[in-house]
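Read the structure below first, then the notes.
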Amino acid sequence: MNGMIERKFIVNSAGEPEQVIISWADYVEIAEALGWDLSGDEQSQLAEAMKDSLAGNGEAFIAIEELE
């Protein structure tokens, strides 16, 4: 995505937008950025990690050097 999403608007009889059409590639990029592609378990793990991060609980994380 280059910062601008090409889109088409579907309007009602009063000319007010009701729906928008975007390309599949843009949708997939948005879905991945928002985590829509994650399983329920993965979403739960991510939420828990966010709580630990915001609470300053560094012990809940593994140093990147240990992952290599």
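Values reported hereafter were calculated over all heavy atoms of this structure, with side chains retained and with hydrogens, waters and symmetry mates removed. Keep in mind it's a predicted model, so treat the numbers as computed, not measured.
No more than 12 heavy-atom neighbours from other residues, nucleotides or ligands sit within 6.0 angstrom of CD on Glu6. Open room surrounds CD1 on Ile64; 12 or fewer heavy atoms of other groups in view lie less than 6.0 Å from it.
Interatomic distance, CD of Gln45 versus CD of Gln43, reported as 11.0 Å (0.5 Å rounding). Taking NZ from Lys8 and OG from Ser23, the interatomic distance works out to 10.5 Å, rounded to the nearest 0.5 Å. We find the CZ-CG distance between Arg7 and Asp26 to be 10.0 Å, quoted to the nearest 0.5 Å.
Residues Ile30 and Leu38 fall into different hydrophobic clusters, defined by Ile, Leu, Val, Met, Phe, Trp and Tyr side chains chained together at heavy-atom separations under 4.5 Å. In the hydrophobic clustering of this structure, Ile5 groups with Trp24; members are Ile, Leu, Val, Met, Phe, Trp, Tyr whose side-chain heavy atoms approach within less than 4.5 Å, directly or through other members.
For the pair Ile62 and Leu67, the minimum side-chain heavy-atom distance is below 4.5 Å. A 4.5 Å side-chain heavy-atom check between Met50 and Leu54 finds at least one atom pair inside the cut-off. For the pair Val28/Asp37, no side-chain contact is recorded, criterion being any heavy-atom separation below 4.5 Å from C-beta on. Two residues are said to be in side-chain contact when any heavy atoms from C-beta on lie closer than 4.5 Å; Tyr27 and Glu29 fail this criterion.
Here the side chain of Ser44 pairs a donor or acceptor atom with the backbone of Gly40 at under 3.5 angstrom.
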Run the numbers on Ile10 and Ile21 for side chain to side chain contact (heavy atoms under 4.5 Å, CB included), then give the verdict. CA-CA 8 Å; Ile10 299 174; Ile21 300 172; 3.8 Å; yes
